[in-house]
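Reading through the structure tokens given below for one structure.
In this text the structure is predicted, and so the values were computed from the model without any measurement. Index from 1, following the sequence.
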Amino acid sequence: MTDERNGDRNGDRSESSEDYSSEDEGTEDYRRGGYHAVRVGDAFKHGRYVVQSKLGWGHFSTVWLAWDSQKSIYVALKVQKSAQHYTEAAMDEITILKQIAEGDPADKYCVVKLLDHFKHLGPNGQHVCMVFEYLGDNLLTLIKYSDYRGMPINMVKEICFHVLKGLDYLHRQLSIIHTDLKPENILLCSMIDPAKDARKSGTPLVLPSSKGKIVSESGASKDIKSLKSDLTKNQKKKIRRKAKRATQNCTGNEASQETEHDGETPGSEDSHNDEKTNGDFVEDHTSDAAIQDKSTNTDGLERAPRENQGHRRGSRSTRQKLLAEIDLKCKLVDFGNACWTYKQFTSDIQTRQYRCPEVLLGSKYSTSADLWSFACICFELATGDVLFDPHSGENYERDEVSTHSRQFLL
């Protein structure tokens with residue numbers, strides 16, 4: 001592992017490096033080696049995965065809600081940047097995700113499942129793509145629904161049970177350290193508001209039309225004669241029935257051509273794999289689900305300022321009713337920065353608000369780093385506020401504040 005890759009993988013955390021509070025990733029990185037331009041209606045892997053809407057973005061990738069036309073389920077499609085170091089990072093992530101899936105065929109350990117992976121060739125290069133089960137809102141969205149007033153302790157305990165179950169599996173059975181545990185990287189298995197859940201809301205699917213074109217909002221279309229040859233007769237009929245209209249929000253340039261599948265689907269699928277990301281999970285798809293929240297990123301290790309995280313979630317009484325009825329089962333997601341206890345990629349890990357003392361002090365770290373982050377999350381769930389919120393000043397940087405505050409506690 002080169003220093004260059006380690007720096008790119010974990011070094012873009014300065015407040016000037018990238019504006020992760022933005023609702024989209026901008027256009028600067030849509031270039032050779034960067035993001036692949038994805039449109040609503042684009043098809044991947046010979047027509048199997050059809051993009052429905054955007055879920056979110058991170059420094060490494062963009063994440064999209066897609067429809068799996070073979071299994072008739074919603075999935076989260078993560079499209080990595082194409083530069084070599086991003087491809088290497090994606091392959092490391094896939095190795096970890098395959099290990100996670102293979103060790104949990106019964107889906108009982110509260111960790112997201114990788115369903116498929118392949119490579120996609122586009123104008124900006126070859127992009128590693130990962131397909132995940134569709135989950136729901138992340139815990140930061142849950143905290144927002146509580147108006148940052150905190151959750152009842154019984155609800156906090158239930159969430160913590162699932163998180164600890166996932167961490168115990170990762171740490172004891174697989175020797176994997178997540179290294180970026182935070183509310184954005186823990187997803188509920190369902191949406192807080194069922195009306196925003198594509199599995200239940202009856203949202204029309206965006207699929208190839210009967211005229212052999214993939215429709216998108218901009219009117220751009222792509223010939224799919226080659227894709228149709230890969231579909232069965234029944235699949236073609238189902239597509240013609242369900243294709244009604246295109247939805248909104250897309251970024252990008254011309255759709256691109258597919259390459260060969262790069263590996264078999266690991267592990268097993270779940271009964272609730274039926275929807276959109278996540279990004280690692282991420283939002284920005286007009287609802288609150290994801291592999292992440294709209295104002296956050298999947299891959300970057302910096303958190304958007306809380307004042308930038310406004311929310312419109314109905315009246316307070318409506319939010320309280322939704323919270324009272326929510327299923328609190330959740331899963332750990334986003335293993336783009338994960339490592340093993342015996343093979344670590346960098347000493348620079350964790351988002352600042354959840355960064356453990358040993359990392360701040362430059363010491364060795366292990367699975368206990370995740371437990372520090374977990375404790376910070378427990379506090380945030382119970383109170384609605386972060387335990388540590390370092391700010392920079394004229395004579396000190398945010399990391400210095402973080403270090404001193406934790407040394408005081410110790």
Side-chain angles (χ1 to χ4, degrees), residues 9 58 60-61 63 68 71 73 75-78 80 87-118 128-136 138-139 159-182 184-189 262-275 277-282 290-292 298-299 329-345 349-350 365-371 373-374 377:
R9 184 171 179 147
F60 285 15
S61 62
V63 185
D68 183 344
K71 298 189 176 180
I73 59 173
V75 293
L77 175 66
K78 182 175 180 178
Q80 197 87 343
T87 297
E88 291 173 357
M91 298 315 294
D92 283 340
E93 183 177 359
I94 287 169
T95 300
I96 287 175
L97 288 165
K98 288 176 71 173
Q99 186 180 358
I100 289 169
E102 288 164 0
D104 186 20
D107 188 32
K108 61 182 181 180
Y109 290 128
C110 302
V111 185
V112 71
K113 289 294 178 293
L114 177 70
L115 306 179
D116 197 2
H117 64 95
F118 55 92
V128 175
C129 299
M130 289 171 258
V131 180
F132 295 92
E133 60 180 317
Y134 170 71
L135 296 172
N138 62 43
L139 294 192
I159 293 169
C160 289
F161 171 80
H162 297 299
V163 175
L164 286 174
K165 197 171 184 179
L167 289 177
D168 181 67
Y169 170 57
L170 295 175
H171 294 170
R172 292 209 296 174
Q173 294 195 38
L174 306 179
S175 298
I176 290 173
I177 312 171
H178 186 285
T179 79
D180 194 23
L181 203 64
K182 54 187 175 182
E184 295 93 316
N185 287 341
I186 302 169
L187 299 192
L188 298 167
C189 291
D262 188 46
E264 296 302 315
T265 301
S268 61
E269 286 98 19
D270 309 48
S271 61
H272 56 265
N273 288 356
D274 316 347
E275 226 247 78
T277 235
N278 137 111
D280 210 307
F281 205 173
V282 202
I291 261 184
Q292 241 56 353
T298 43
D299 308 303
K329 184 178 180 183
C330 54
K331 291 191 173 189
L332 308 182
V333 305
D334 194 353
F335 288 82
N337 295 292
C339 65
W340 293 272
T341 55
Y342 51 85
K343 183 182 179 183
Q344 298 177 358
F345 302 122
I349 62 169
Q350 300 179 305
Y365 66 87
S366 188
T367 54
S368 58
D370 284 344
L371 294 178
S373 300
F374 167 74
I377 293 169

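Closest of all the heavy-atom pairs between G336 and F60 is O-CE2, 4.2 Å. The heavy-atom pair separating V63 from K78 by the smallest distance is CG2-CG, 4.1 Å. Contact between Y365 and C339 at its shortest, heavy atoms only, is OH-SG, 3.9 Å. Taking every heavy atom of both residues into account, C110 and C330 meet most closely at CB-O, 3.5 Å. When all heavy atoms of Q99 and L174 are compared, the pair lying nearest together is NE2-O, 3.7 Å.
For the pair L114 and F132, the minimum side-chain heavy-atom distance is below 4.5 Å. The closest side-chain heavy-atom distance from L170 to D370 is not below 4.5 Å. Looking at heavy atoms from C-beta onward, V163 lies out of side-chain contact with I377 at the 4.5 angstrom threshold. Counting heavy atoms from C-beta outward, Q173 and Y109 have side chains that approach closer than 4.5 Å. Using a 4.5 Å heavy-atom threshold, the side chains of Q344 and I177 count as touching.
In this structure, the side chain of H178 engages the main chain of V333 through a donor-acceptor pair within 3.5 Å. Panel note: side chain K165, backbone K108; a donor-acceptor pair is recorded below 3.5 Å. Side-chain atoms of Y169 come within 3.5 Å of backbone N or O of I100 as a donor-acceptor pair. Listed for the K343 side chain is no donor-acceptor partner under 3.5 Å among the backbone atoms of T341. In this structure a side-chain-to-backbone donor-acceptor pair under 3.5 Å is present from T179 to N337. Formation of a donor-acceptor pair under 3.5 Å by the Q80 side chain with backbone atoms of A89 is not found in this model. In this structure, Q350 contributes its side chain and S373 its backbone to no donor-acceptor pair below 3.5 Å.
Here L164 contributes atom CG and F374 contributes atom CZ; the two are 3.5 Å apart, rounded to the nearest 0.5 Å. Rounded to the nearest 0.5 Å, atoms CG (L135) and NZ (K329) are 9.5 Å apart. Atom OG1 in T367 sits 9.0 Å away from atom CG in L167 (nearest 0.5 Å). Here the CZ atom belonging to F118 is positioned 10.0 Å from the CD1 atom belonging to I94, to the nearest 0.5 angstrom.
If you run side chain to side chain contact (heavy atoms under 4.5 Å, CB included) between L187 and each of L332, N138, L139, only N138 comes through. Checked against D104 for a salt bridge (Lys or Arg N to Asp or Glu O under 4.0 Å), the options K98, K331, K113 give a single hit: K113. Of the candidates D180, I96, N185, I96 is the only one forming a side chain to side chain contact (heavy atoms under 4.5 Å, CB included) with F335.
Judged as a side chain to side chain donor-acceptor pair (under 3.5 Å), and not counting sequence neighbours, the contacts of S368 are E358. Remark: H162 engages no residue in a side chain to side chain donor-acceptor pair (under 3.5 Å) (not counting sequence neighbours). Considering only residues two or more places apart in sequence or on other chains, T95 meets the side-chain contact (heavy atoms from CB on, under 4.5 Å) condition with W340.
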